[in-house]
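In what follows, a single structure is set out as structure tokens and then discussed.
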Amino acid sequence: MLKILFSFCFLILSLSTYAQTSPEPEAASVQAPAESRIPLTPFMERYILDELKALRIDMAKYQIKVTEEIAEKELEVADKAISYANVTVTYFFYLLAGAASVLAIVGWQSLRELKKTAREYAETEMRKITSSYEHKLKQIERELQRKTKVIAENYREIERFQEIHGLWLRASQEQSPQAKIDIYDQILDIKPGDLDAMTHKADAALMMNERQWALSLCNRVLQVDQQNAHALYQRACAHAGVGHEEQALSDLELAVENNVHLRDVAAEDEEFEPLRQHPRFIELTSDGTDQGSDETNS
């Protein structure tokens, strides 16, 4: 189990490292040249896939181990139950034999009535013991079924994560916007409503000059997350392209408030070329240090 947890943590660390070295999400991909990106080498990709495969094998081994342990526990419980019942009945009949001897001497009741009473009492006790252990075995069975279901769900989630991760790798290596959109559609088929996939799809639509399409995608994202900085930035680019200056500036202002790094991206983004001389755009894309130096010079 420790090996599985270690492998999973290492996988998360590998994905985090790749995310840090990859280009800035959504907006950064618009302005960053292709040669500045750090590609995922085949060796790294093969290593991640091997780790995922090892993790799946470990999960399967763990499931088999849990099943074997539960089966051993069930056999051990059944053996203890039979042994306990045997010992209980033996001592019970010893006690009855002694009591019968005393009663026969004292003459409280006949031997036949004593035998009948003892049999009924023994049968009652055996039913209680059997019922108790049947209840415990059913609880163990339900717990085993629950753990098996959890393991199966985790296995399916790992396969789903692996498939989505592979599609993101393919999308990062594609140069054609249409090919990127096709891959993002596959991701959305597997994980409907994925906000990152929709914002990246909007970015690809802008690369194809499909600004109305990009606006529609950004609006869908912002209906779910109104503070999504990258969706606001992409919508600002689309508005600027279709001539909606005020709406573009409003969206850009909100995007910069949620992610200050978008200020520098917007200053160099070709999508904002129609707003390049607009005073409000200049104010939004200039940082405090530039303004302070201008005031000092004046």
Exercise for the section: Answer whether the closest heavy-atom distance between the side chains of Arg127 and Thr124 falls below 4.5 Å. Expected result: yes
Fill in the blank from the handout: Paired with Thr199, the side-chain contact (heavy atoms from CB on, under 4.5 Å) test is passed by just one of Leu217, Val221, Asp225, namely Val221
Exercise for the section: Look up atom CG in Leu252 and atom CD in Gln247, then write down how far apart they are to the nearest 0.5 Å. Expected result: 13.5 Å
Practice task
Would you check if Tyr233 and Asn259 make a side-chain contact, meaning some heavy-atom pair closer than 4.5 Å?
Solution key: no
Exercise for the section: Is it possible for you to say whether Ile190 and Ile183 belong to one hydrophobic cluster, with membership spreading through side-chain heavy-atom contacts below 4.5 Å? Expected result: yes
Exercise for the section: Please tell me if the side chains of Glu45 and His165 come closer than 4.5 Å, counting only heavy atoms from C-beta onward. Expected result: no
Problem - Asp182 versus Gln178, side-chain donor and acceptor atoms under 3.5 Å - result: yes
Practice task
State plainly whether one hydrophobic cluster holds both Met198 and Leu215, where clusters connect Ile, Leu, Val, Met, Phe, Trp and Tyr through side-chain heavy atoms under 4.5 angstrom apart.
Solution key: no
Exercise for the section: Give the intermediate values and the outcome of side chain to side chain contact (heavy atoms under 4.5 Å, CB included) for residues Ile181 and Met208. Expected result: CA-CA 10 Å; Ile181 290 175; Met208 297 172 62; 3.5 Å; yes
Problem - Inter-residue atom distance Arg280.CZ - Glu253.CD, 0.5 Å rounding - result: 5.0 Å
Problem - Residues Glu69, Lys73: salt bridge by 4.0 Å N-O rule - result: no
Exercise for the section: Identify the heavy atoms of Ala229 and Ala255 that sit nearest to each other, and give their distance. Expected result: O-CB, 3.5 Å
Practice task
Check whether any side-chain heavy atom of Leu49 lies under 4.5 Å from a side-chain heavy atom of Gln162, and answer yes or no.
Solution key: yes
Problem - Connected via hydrophobic side-chain network under 4.5 Å: Val256 and Leu249 - result: yes
Practice task
Determine which pairs satisfy side-chain hydrogen bond (donor to acceptor under 3.5 Å, both in side chains) with at least one residue from residues 131-140, sequence neighbours left out, and list them in order.
Solution key: His135-Gln139
Handout entry: From CG (Leu195) to NE2 (His230), nearest 0.5 Å
Key = 12.5 Å
Practice task
Search all heavy atoms of Leu144 against all heavy atoms of Thr67 and return the closest pair with its distance.
Solution key: CD1-CA, 4.4 Å
Problem - Approximate separation, where rounding is to 0.5 Å, of Asp196 CG and Lys191 NZ - result: 7.5 Å
Practice task
Please answer whether the main-chain N or O of Trp213 pairs with a side-chain N or O of Ser216 as donor and acceptor at a distance below 3.5 Å.
Solution key: no
Exercise for the section: Measure across Leu206 and Arg211 and return the closest heavy-atom pair with its distance rounded to 0.1 Å. Expected result: CD2-CG, 4.0 Å
Practice task
Determine the minimum heavy-atom distance between Cys218 and Ala202, stating which atoms define it.
Solution key: SG-CB, 3.9 Å
Completion exercise
To the nearest 0.5 Å, atom CZ of Arg46 lies from atom CD of Glu51 at 11.5 Å
Practice task
Treating Ile, Leu, Val, Met, Phe, Trp and Tyr as nodes and any side-chain heavy-atom pair under 4.5 angstrom as an edge, say whether Val77 and Ile129 lie in one connected cluster.
Solution key: yes
Could you give the side-chain donor-acceptor pairs of residues 85-99 under 3.5 Å, partners two or more places apart or in another chain?
{"from": "Thr88", "atom 1": "OG1", "to": "Tyr84", "atom 2": "O", "distance (Å)": "2.6"}
{"from": "Thr90", "atom 1": "OG1", "to": "Asn86", "atom 2": "O", "distance (Å)": "2.7"}

Problem - Closest approach of Ala240 to Ala248 (non-hydrogen atoms, all atoms of both residues) - result: N-CB, 3.6 Å
Problem - Spatial distance of atom CD (Glu141) from atom CD (Glu143) [nearest 0.5 Å] - result: 12.0 Å
Practice task
Sequence neighbours left out, what passes side chain to side chain contact (heavy atoms under 4.5 Å, CB included) with Leu254? Give chain and number order.
Solution key: Leu232, Glu257
Handout entry: Check: Lys149 and Arg146 side chains under 4.5 Å, non-hydrogen atoms
Key = no
